[in-house]
Amino acid sequence: MANEDTTEGTGTAGLDAGSYEVVRSRLVGHTSELATRAERLNESRKAIFGSSAFELVQTTRVRTENLASARDMVSVGGYLLFAFNVTLGLKSTPSVSDVFALYKLDGKTEGDALEPVSLEGTFLSQQAFVSDFTTTFRYGKNPRVLRLKRTDTRLLIVIQVGDELRDVKVLRFGIDARGSVTYIDARGEEDNVPPPGFAFTWTRTGREHQVMGPHPHVNVLDEVFVETVNGDLTVKIENNTKDGLGIWREPVADPNQTLDDAEISFARVGALILLKVLPYREEKTRYLVYNTLKKSITRIDAIGRACLALPEDQGILFPGGHYVAADEARIVDPDTEGMRFESTVRAPNGEDALYVFHEDAEGLYLALPYNLITKELGAPVRCHGYSLFEDGTLAVFRSPEGAETTRVHPFQLWRTPFSTLEAAERAGAQRGSSSYLAKVGNPALVRGIGDVYAIRKLVLTEAPTRKTFEELVSLAARALDDHYWLGHEEAFDLKSALRDVRASADAILKEFEKVEAYRARAEKAVIEARAAQRELLGKERPEDSPSAETYLSALSALRTQRGKFVTLRELRYVDLQAIDVLEGEVDARFPQLLGLLLEVELDAGAAE
């Protein structure tokens, strides 16, 4: 039988088989039953409202007369408008037809769905536009199309006309309620304003946040403590200035900086605290995320480019990845340098969201589909242009990988859940259902099932903290209050299963208070033992005055210290690895002293 007074490491991975584990096992069992019912409900929901999967429908090609690189694509005026940057050889100024192409999308699922359209008689043949386009490309410095931008009332053509990406000329068209497109002028810079890329405002810390002491730090929301002094960036979770230890540490360039020298800012998003740190004499800002549920730190510099709040306070999303507080940070695309937030599209099913980022230099888009039930990102979509249609069809346009210029450019059509609300309502009417779940509606079911999945993730956390269980109790209570339909038979009576989970969570929270008290006592004992041993090994240096008496005294002190380890190991939840290290130091010192004692005795015998 395992010793019930021991554990390994921190967290609860090695807790004994006592009352905590009994309650934890009961909680896991209730959660398993809850998740099983939720999965059955999700299958019923899909049968009524359909699946939200991405499906590739067709792959074809867009061909250009000249060598060109794909730049962008939008849907406007009933056409797909493509933009290219062309290589013309001796021809100095491109024509409108060299740079732009129009196609009709005929909705075919077999064969070529794209039909080329002559520019004659279209909005691209309007004389004022042709004149401004020609002037821009004739007199600009190495001009090239940066992007196409479509809003409800505007079509913008952004052209770089200088050395910097900000040196642009913006040709703009107006779009009326009927979808007609009319050229306005070449002064559209005021319309070319990017959307805000952050769901929050950074708060800069000042003197009022500083806590002085031997190891001073900056107090962030009384939950996390940051400093860049003494040669490293350190993050603590205890307001302790007596030592410089913490849960995160990495070196800084200038070890002599003071607490005032670094720029430290913070923001809170749900259960996550974001930290923005620029150490003294450094150019690159560091971005850290502190998870209050797990008491862990993750460095994610991508949040410096954009950081959005996930729906229902689930966590954050940034270029190339996301971080759900009940889970871990997940990166699906690490190559996101220069990416900025572009737009968000919410599917009418309430289950899916699409986050789009854009990079100006290469004209790349990165689309990240996110599912609110699984709380996970799908496969990222990289392209040089995209367009969503009313029925949820996604058109994707890109340059071939590794090709700078080509005459053949891949084009794909995908089936997605991102239709308009009107199209979704028509599809729902066609499916038809008189069931109770149909009356509840897909978005409401998605929120409820999503809450259950979030509860399961919290319960299965490998190293839960008190905050984890508090969040679990709160989430279970909110779910019971928010979803009136949980107890219905068609919902597989999720209410009763959820009540069982909540009761077990309440019980484990009370038991966890005892666990934390035992663990704190064990940690204090190890710290005291470590300090005593440091003093012992530093003080007991019989080599300085070698004699049989000094060596015997030192050996006796080591035996006493070794005896303390036996008592330490009997403490509940003690860190056995730390004790092994201490005992190893004593064991290494013991034979050294025995050898020295033997030499002294041999010398004494020889003298006699």
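The structure presented is a predicted model; accordingly, all values stated were derived computationally and were not measured.
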- request: May I ask you to decide if the ring planes of Phe418 and Phe54 are parallel, tilted or perpendicular, using 30° and 60° as cut-offs?
  value: perpendicular
message: Determine whether a donor-acceptor pair (N or O, by modelled atom type, separation under 3.5 Å) exists between the side chain of Lys276 and the backbone of Arg286.
response: no
message: If I take atom CG from residue Leu472 and atom CG from residue Leu509, how far apart are they, to the nearest 0.5 angstrom?
response: 9.0 Å
task: Considering non-hydrogen atoms only, spot the tightest contact between Ala38 and Tyr453 and give its length.
output: CB-CE1, 4.1 Å
task: Check step by step if salt bridge (Lys or Arg N to Asp or Glu O under 4.0 Å) holds for Lys149 and Glu342.
output: CA-CA 10 Å; Lys149 189 172 182 178; Glu342 174 71 16; 5.4 Å; no
Donor-acceptor contact below 3.5 Å, side chain Arg305 vs main chain Thr336: yes
query: Where do Asp352 and Arg346 land on the salt bridge (Lys or Arg N to Asp or Glu O under 4.0 Å) test, with the steps shown first?
result: CA-CA 6 Å; Asp352 298 279; Arg346 293 291 295 268; over 6 Å; no
- prompt: Where is the tightest heavy-atom contact between Gly304 and Tyr287, given as atom of each residue plus distance?
  reply: CA-CZ, 3.3 Å
- request: With salt bridge (Lys or Arg N to Asp or Glu O under 4.0 Å) as the test, would you mind laying out the steps for Arg268 and Glu223 before giving the verdict?
  value: CA-CA 11 Å; Arg268 179 161 205 148; Glu223 291 198 62; 2.5 Å; yes
- prompt: At their closest point, which heavy atom of Pro380 faces which heavy atom of Leu366, and how far apart are they?
  reply: CB-CD1, 3.7 Å
field: Donor-acceptor under 3.5 Å (Thr285 side chain, Leu278 main chain)
entry: no
query: Where the side chain of Thr36 meets the backbone of Ser32, is there a donor-acceptor pair that is under 3.5 Å apart?
result: yes
message: Once you measure the plane-to-plane angle for Phe198 and Phe200, does it fall in the parallel (<30°), tilted (30-60°) or perpendicular (>60°) bin?
response: perpendicular
query: Thr241 and Lys236: which non-hydrogen atoms are nearest, and at how many Å?
result: CA-NZ, 4.1 Å
- request: Please report the closest heavy-atom contact between Val252 and Leu233, naming both atoms and the distance.
  value: CG1-N, 3.5 Å
field: Near-ring test Tyr370/His322, centroid separation under 6.0 angstrom
entry: yes
message: A cation-pi test, strictly: NZ or CZ of Arg45 under 6.0 Å from the centre of the six-membered ring of Phe49 and no more than 45 degrees from its axis. Yes or no?
response: no
- prompt: Would you find a donor on one side and an acceptor on the other, under 3.5 Å apart, between the side chain of Lys457 and the backbone of Thr461?
  reply: no
- prompt: Is the His488 to Tyr436 ring centre distance short of 6.0 Å?
  reply: yes
field: Where Met339 and Pro319 come nearest, the two heavy atoms and their spacing
entry: CB-CB, 3.9 Å
message: Quick check for you: to the nearest 0.5 Å, what is the distance between Glu376 atom CD and Asn371 atom CG?
response: 8.0 Å
